[in-house]
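Data block below; observations after.
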2 protein chains.
Amino acid sequence: MEDKSISTEEKIKAAARTIFTKKGYAATKTRDIAEEAGMNLALLNYYFRSKEKLFEIIMAENLKKLFGILAPILNDQHKTLDEKLSMIATNYIDMLFVNPDLPLFVLSELRQNPGWLRETLHVDNVVIASHFMVQLREKKKDINPIHFLISFLGMLIFPFAARPILQGTAAITDDQYNQLMEERKKLIPMWMKCMLE
Amino acid sequence: MEDKSISTEEKIKAAARTIFTKKGYAATKTRDIAEEAGMNLALLNYYFRSKEKLFEIIMAENLKKLFGILAPILNDQHKTLDEKLSMIATNYIDMLFVNPDLPLFVLSELRQNPGWLRETLHVDNVVIASHFMVQLREKKKDINPIHFLISFLGMLIFPFAARPILQGTAAITDDQYNQLMEERKKLIPMWMKCMLE
DNA sequence: GTCTATAGAGGGATAGAC
DNA sequence: GTCTATCCCTCTATAGAC
């Protein structure tokens, strides 16, 4: 009995995750979520009270997914800068293969409501004041280390956010696209090292 | 008399540009556009027939703005690779200062409806088959030149798309942010050269 | 051309049966 | 817990006066 209820709740959450993340809050209809979950609209309100409450749950999950990979690696005191660059590139690209809609979703929704960051996660200390930033400043004293963080994340994330444009304009097959992203796991850390020389 | 009608039409378009670009199609209400334009909702339909028609106009404008800077520089047969990298970085960052919401808008809406690209612009030949790409391949024969294009655009665009996160997490003032972006006009071409060595 | 008023559809939420 | 039926508000679009 408990099993069944958890399963239903989980089905709705999974459907919500898919649709919210793909289309954003405003473009998502609760009816679509219910249909995707294979059940009735009323159950959504029964389990989650409202569209907004459900969205908040998905948003928190997605923020965690996006920053959760980053934080522990950035703050590892026992890894070199090079090791961190490689690990993040690999882990992030692998994560984006599985969750390609994540970056655009978070960037878009966060623009509408920047309060989200402070409320759910404490990204401040975890990213900006990280050991990684210290290492960057040590290595290249005359350039604000935030420049490197921005460029690093930009190179990692942009091809996923821009995938439709990329595949729409350059005639790239899915296989070719995957191979390109695979190559970037090595290329981006290599480029970063070059930028930091 | 004609002047007045043109002016009204232009006011609506300006308001639509602002709100659509900031919030996206789904989250935008025609009432908000009318209010922003300082006039009645009915005029929107009088001049543009529907929300969707108005949106199509704004979308086409924005696509042109985003690719219009790129295409002529990429295809200039008489500029060196280095010159192109500098010019694009400078022009793009200046354009993004004025239109900070443009990238996220285009990326988001294009994900929902990738058909837009083919229908409005012929970005294919203009970007992918550009002289710039030939120059990249010449310079670095063993790496797919699309990697450099992606990284270049990623480094340029990402800090604008992620501005709320950046300013929300790192305590960066508006002045500091502007200065960082100003610095990137020189840094990014420099890094690109390093990557292409 | 510009306004007010309103039609008409869609979407979030709930009542109530089972 | 799950379903059907329905309420009610919001939003797009239009009718019609001026």
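If you're wondering where the values come from, they're calculated on a predicted model, not measured in any experiment. Within every chain, numbering begins at 1; the chains are lettered A, B, ... in the order of the sequence lines, protein sequences first and strands thereafter.
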Self-check item: B/R163/B/D174 ion pair, N-O < 4.0 Å
Solution: yes
Practice problem: Only one of A/K84, A/H78, A/K79 passes side chain to side chain donor-acceptor pair (under 3.5 Å) with A/H131; say which it is. | Solution: A/K84
Quiz prompt | Among C/dG1, D/dC3, C/dG12, the one nearest A/K51 by side-chain distance | solution = C/dG12
Quiz item: Between the side chains of A/N62 and A/T21, is a donor N or O closer than 3.5 angstrom to an acceptor N or O?
Solution: yes
Quiz item: Honestly, is A/K51 close enough over A/F20, meaning NZ or CZ under 6.0 Å from the six-membered ring centre and within 45° of the axis?
Solution: no
Self-check item: d(CG, B/L44; C1', C/dG1) in whole Å
Solution: 14 Å
Practice problem: From the options C/dC3, D/dG1, D/dA13, select the nucleotide whose nearest atom is closest to the side chain of B/L43. | Solution: C/dC3
Self-check item: Nearest-Å distance for atom pair NZ/C1', residues A/K11 and D/dG1
Solution: 12 Å
Self-check item: Nearest-Å distance for atom pair NZ/C1', residues A/K53 and C/dT14
Solution: 17 Å
Quiz item: So, is B/Y46 near the phosphate of D/dA13, with a side-chain N or O under 4.0 Å from OP1 or OP2?
Solution: no
Self-check item: Residues in side-chain hydrogen bond (donor to acceptor under 3.5 Å, both in side chains) contact with A/S108, at least two apart in sequence or another chain
Solution: B/S108
Self-check item: Interface residues of residues 18-29 of chain B with DNA chain D (non-hydrogen, below 4.0 angstrom)
Solution: B/T28, B/K29
Quiz item: What's the CD1-P distance between B/I12 and D/dT12, to the nearest Å?
Solution: 14 Å
Quiz prompt | Protein-nucleotide distance (B/Y47, atom OH; D/dT14, atom P), rounded to Å | solution = 17 Å
Practice problem: Rounded to the nearest angstrom, tell me the gap between atom CD in B/E35 and atom P in C/dC3. | Solution: 14 Å
Exercise. Ignoring backbone atoms, establish whether B/T30 has a side-chain N or O less than 4.0 Å from OP1 or OP2 of D/dC11.
Key: no
Practice problem: Would you mind reading off the distance between A/M39 atom CE and D/dG1 atom C1', rounded to a whole angstrom? | Solution: 11 Å
Quiz prompt | Residue B/L41, side-chain atoms from C-beta onward, closest of C/dA13, D/dT12, D/dC3 | solution = D/dT12
Quiz item: Counting side-chain heavy atoms from C-beta on, which of C/dA15, C/dA13, D/dT2 comes nearest to A/A42?
Solution: C/dA15
Practice problem: With sequence neighbours excluded, tell me which residues meet side-chain hydrogen bond (donor to acceptor under 3.5 Å, both in side chains) with A/K185. | Solution: A/D94, A/E182
Practice problem: Check the distance between C/dT14's P and A/N45's CG and give it to me in whole angstrom. | Solution: 6 Å
Quiz item: Do we get A/K53 above A/Y47's six-membered ring, with its NZ or CZ under 6.0 Å from the centre and within 45° of the axis?
Solution: no
Quiz item: Side chain of A/R31, base of C/dG10: donor and acceptor closer than 3.5 Å?
Solution: no
Exercise. When you get a sec, tell me which of C/dC3, C/dT2, C/dA13 is the closest nucleotide to the side chain of B/N40?
Key: C/dC3
Quiz prompt | OP1 or OP2 of C/dG1 under 4.0 Å from side-chain N/O of B/T8 | solution = no
